[in-house]
Enquirer: 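Please find one structure pasted underneath; my questions will follow.
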Amino acid sequence: MRVLFVCLGNICRSPAAETVLRERLEREGLAEAVTVDSAGTIDYHLGSEPDPRMRKALRARGYTQWSRCRLVQPQDFFDFDLILAMDQQNLLDLRRLCPRPELLDKLKLAASYCTRHNVTIIPDPYYGQAADFEHVLDLAEDLSQNLIQAFKTQTPLT
Ligand code: 4NP
């Protein structure tokens with residue numbers, strides 16, 4: 001299974017979700033079974049580490065590794081099984097980028113895997129406060145727990 005998280009800048013939400021899911025998979029001994037990555041729809045921060053506010057929030061929860069910003073590309077629709085958008089704008093941008101209509105089924109809202117929080121999107125914390133970064137991590141932990149449960153029980157992801 002290969003999962004790609006996508007947000008706008010790839011420095012706040014999607015790298016955080018990538019880190020949370022990957023490190024939780026590692027703790028469960030499932031790191032080999034699932035590939036996790038993230039990408040952005042804009043290129044302003046190419047090559048950058050996640051935003052310092054997000055790195056601080058991740059560290060405070062015990063997460064230690066993160067990737068650098070990259071741009072999402074049409075090839076990602078072939079390379080990943082599940083492409084998880086953070087909000088409706090990401091979803092629209094990804095639909096436009098998708099190279100073949102039959103690959104659109106891979107595209108979902110990440111928040112659709114949240115069960116402890118009643119949310120439809122993962123809101124952009126970039127212009128927000130520390131609490132907004134914490135909220136992103138709360139949602140990333142919620143959806144990661146459910147994705148891992150689905151991987152473990154091999155429940156088809158819908
Ligand atoms: P992200 O947040 O999409 O969660 O990474 C943002 C990061 C940067 C910008 C906007 C949102 N920006 O406009 O530079």
Side-chain angles (χ1 to χ4, degrees), residues 1-26 34-99 103-148 150 157:
M1 172 58 77
R2 295 157 298 177
V3 182
L4 180 70
F5 291 102
V6 178
C7 63
L8 183 66
N10 193 214
I11 55 165
C12 297
R13 294 166 290 174
S14 62
E18 175 195 345
T19 289
V20 168
L21 179 58
R22 183 183 303 106
E23 295 196 20
R24 288 188 156 216
L25 284 163
E26 282 168 6
V34 188
T35 299
V36 191
D37 195 5
S38 70
T41 60
I42 59 170
D43 61 4
Y44 299 169
H45 304 279
L46 284 188
S48 297
E49 286 194 282
D51 186 284
R53 296 165 294 175
M54 187 52 92
R55 278 186 271 149
K56 185 178 173 195
L58 282 165
R59 271 195 213 97
R61 295 192 189 206
Y63 301 103
T64 58
Q65 302 157 49
W66 32 79
S67 60
R68 287 181 182 268
C69 173
R70 76 165 175 90
L71 200 54
V72 66
Q73 48 198 18
Q75 181 64 36
D76 288 320
F77 280 89
F78 297 101
D79 294 345
F80 290 87
D81 303 302
L82 193 56
I83 301 180
L84 297 178
M86 297 293 156
D87 61 30
Q88 296 291 350
Q89 186 60 53
N90 307 149
L91 201 58
L92 282 174
D93 292 338
L94 285 163
R95 280 199 187 120
R96 240 177 261 127
L97 189 75
C98 183
L103 300 175
L104 281 170
D105 288 347
K106 296 184 173 191
L107 195 51
K108 309 228 159 36
L109 278 169
S112 67
Y113 294 101
C114 290
T115 56
R116 287 180 289 125
H117 299 82
N118 187 16
V119 288
T120 53
I121 61 151
I122 301 192
D124 186 351
Y126 191 65
Y127 296 104
Q129 311 295 320
D132 301 303
F133 285 81
E134 294 300 330
H135 184 53
V136 170
L137 291 187
D138 289 341
L139 299 179
E141 289 182 333
D142 186 356
L143 72 90
S144 291
Q145 189 172 314
N146 293 311
L147 282 175
I148 290 170
L157 293 163

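First listed ligand is number 1; within each ligand, the first listed atom is number 1.
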Enquirer: Using the test salt bridge (Lys or Arg N to Asp or Glu O under 4.0 Å), find all partners of Arg61 that sit at least two apart in sequence or belong to another chain.
Expert: Glu134, Asp138, Glu141
Enquirer: Restricting to side-chain contact (heavy atoms from CB on, under 4.5 Å), what partner residues turn up for Glu23, sequence neighbours left out?
Expert: Thr19, Glu26, Tyr63, Thr64, Gln65
Enquirer: Test your reading of the model: is there a side-chain donor-acceptor pair from Asp142 to the backbone of His117, 3.5 Å cut-off?
Expert: yes
Enquirer: With no hydrogens and no angle check, is any side-chain donor or acceptor of Asn10 less than 3.5 Å from a backbone partner on Val6?
Expert: no
Enquirer: Show me the side-chain donor-acceptor pairs of residues 71-85 shorter than 3.5 Å, one per line, residues at least two apart or across chains.
Expert:
| residue | atom | partner | partner atom | Å |
| --- | --- | --- | --- | --- |
| Gln75 | NE2 | Asp79 | OD1 | 3.0 |
| Asp76 | OD1 | Arg70 | NH1 | 3.4 |
| Asp76 | OD1 | Arg70 | NH2 | 3.0 |
| Asp76 | OD2 | Arg70 | NH1 | 3.0 |
| Asp76 | OD2 | Gln73 | N | 2.8 |
| Asp81 | OD1 | Arg2 | NH2 | 3.0 |
| Asp81 | OD2 | Arg2 | N | 2.7 |
| Asp81 | OD2 | Arg2 | NE | 3.3 |

Enquirer: What does the list of residues with a heavy atom under 4.0 Å from ligand 1 look like, ordered by chain and number?
Expert: Cys7, Leu8, Gly9, Asn10, Ile11, Cys12, Arg13, Tyr44, His45, Asp124, Tyr126, Tyr127
Enquirer: Is the cationic atom of Arg53 (NZ for Lys, CZ for Arg) positioned less than 6.0 Å from the six-membered ring centroid of Tyr126 and within 45 degrees of its normal?
Expert: yes
